[in-house]
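A short write-up of the structure that comes next.
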Amino acid sequence: MTDLPEHPDFLWDNPEPRKSYDVVVVGGGGHGLATAYYLAKQGITNVAVLEKGWLAGGNMARNTTIIRSNYLWDESSGIYEHSLKLWEGLEEDLGYPILFSQRGVLNLAHSLQDVRDSVRRVEANKLNGIDAEWVDANGVKEICPIVNISPDVRYPVLGATFQPRAGIAKHDYVAWGFARAAHELGVDLIQNCEVTGITTAGGRVTGVETSRGRIAAGKVGLCAAGHTSVLARMVGLDLPLTSHPLQALVSELLEPIHPTVVMSNAVHVYVSQAHKGELVMGAGIDSYHGYGQRGSFHIIEQQMAAALELFPVFARAHLLRTWAGIVDTSPDASPIIGLTPVENLFLNCGWGTGGFKATPGVGDVFAATIARGKPHEYAEPFALDRFTTGALVDEHGAAAVAH
Amino acid sequence: MQLIPCPWCGPREEAEFHYGGQAHVAYPADPSAMPDEEWAKFVFFRDNPSGPFAERWSHSAGCRRWFNAVRDTRTHDLLAVYRLDEPRPVIS
Ligand SMILES: Cc1cc2nc3c(=O)[nH]c(=O)nc-3n(C[C@H](O)[C@H](O)[C@H](O)COP(=O)(O)OP(=O)(O)OC[C@H]3O[C@@H](n4cnc5c(N)ncnc54)[C@H](O)[C@@H]3O)c2cc1C
Ligand SMILES: [Zn+2]
């Protein structure tokens, strides 16, 4: 395992907001920071990232850090695999450690239909040049010896898809790496600055109102994860999104026992072991709409029950902390990226439970979309109008978290 | 665990209920005349406010009846619970 870097005292400045920018990015999570970085890399440096709280204090700091690109459809393969390739060179690119660990991801199958769907997805992945294998129950045991493959449980493990290049990265370091690099290229990172209004004239965006005054902008990109509906309403725009609490939890530190990432859609838990040794676990979203950043206890109860059946060895592990983030889910479990009916206002939202893995990829693609004023080819299938045309990118089966 | 006041059974644990999403979404009056944009709104677009929200719940592990509630999505507080045929109460 890689050594942990020292905690950085100082990676970026905290400037006063200027009166005007070429591009204002709303939301200082991973997506907003990556977007600003890739904008600056192509020479667009008169950019501000506005964050209502502290940098990367939203979902970026709350997710379970799983990175993979084994989605079903070509459209998703395009953007998620683009992202995975960027992850593979990100540490060098940012000059900052992100503890990217390609330890592989197993997506378990528990029924004959799961098996068929999984094999189909493996073949689809291969056709798209993405590493994927089908392994049977013994193969699961070889990759992750602590998985219970006994046939005597309620939902026996029949096998799994395996993506060896998938893995985890340390989310805070990813955000800090992007923040530091964007700052060095001249981007203003402005914390404690809530966007309270979006101003327009003649159908195009002119700037934003914030808790720290009005800021003019040539272009505005929304990277506000769970809160995009609230921002879009400021210009009268409705979005096909609902925001829900999504919870995760960690155990105390344990010896290295879990060498990969295991996800199960059917019994609904996903588990990895963090670099320091905590078991990191996530579950499904809470059913109801919510912005409260706290979820229901029974979800955790179900998630722990599922984890124990899959990993009996966890029985005596202590739970240390639970928390929730707010994720915006879309009807087809795919993101919405691109233009809006308001000129120069751009959307990056609807990532639901799975946008961390897209951080570098969508930063790059969204920056290009903002710079050109037209969708990057990987963003094109994810336009808002697909809900009217019906050209959905239905990834419910591969999104891995029920929503 | 959150207690939800079923209008018929009184306060019961959240785990007994099933969530039904936004309330007062009427089926289109004249479906065959409806343009694609409006179909998209009806099928895919729901309100998603940060604040009071009128929504449906079913007491599925109890009396199995549906009802409406106004809940503050920031605090999870149930501000009102009412029957399906009642209008959304005005909450000041
Ligand atoms: C528990 C949990 C587990 C997850 N696990 C995974 C996983 O394993 N793998 C994966 O790929 N994805 C995962 N995700 C999803 C992933 O975290 C998100 O899709 C992704 O972080 C969203 O992009 P972001 O990083 O920019 O969002 P965020 O980090 O949430 O950034 C949005 C920012 O916008 C700010 N903001 C909101 N409104 C305003 C405003 N009005 N003005 C200014 N700023 C504003 C917020 O404060 C926030 O910092 C998980 C999410 C959660 C909650
Ligand atoms: Zn009841």
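Every chain is numbered from 1 and lettered A, B, ... according to where its sequence line falls, protein lines coming before strand lines.
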_If we count only N and O atoms by modelled type, under 3.5 Å, do the side chains of Glu55(B) and Tyr19(B) hold a donor and an acceptor together?_
yes
_So for Ile326(A), is it side chain, backbone, both, or neither that comes closer than 4.5 Å to the heavy atoms of chain B?_
neither
*Tell me, for Arg233(A) versus chain B, whether the close heavy atoms (under 4.5 Å) come from the side chain, the backbone, both or neither.*
neither
*Taking atom CD1 of Ile337(A) and atom CG of Leu347(A), what is their separation to the nearest 0.5 Å?*
10.0 Å
_Plane angle bin for His31(A) and Trp351(A) - parallel if under 30°, tilted between 30 and 60°, otherwise perpendicular_ = perpendicular
_Thr75(B), part contacting chain A, at a heavy-atom distance under 4.5 Å_ = backbone
*Matching residue for Ser296(A) among Glu13(B), Gln2(B), His76(B), Glu14(B) - test: side chain to side chain donor-acceptor pair (under 3.5 Å)*: Glu14(B)
*Measure Leu392(A) against the heavy atoms of chain B and call it side chain, backbone, both or neither at under 4.5 Å.*
side chain
*Angle class for the Phe17(B)/Trp57(B) ring planes (parallel below 30°, perpendicular above 60°, tilted otherwise)?*
perpendicular
*Does any heavy atom of chain A fall under 4.5 Å from the side chain of Phe53(B), the backbone, both, or neither of them?*
side chain
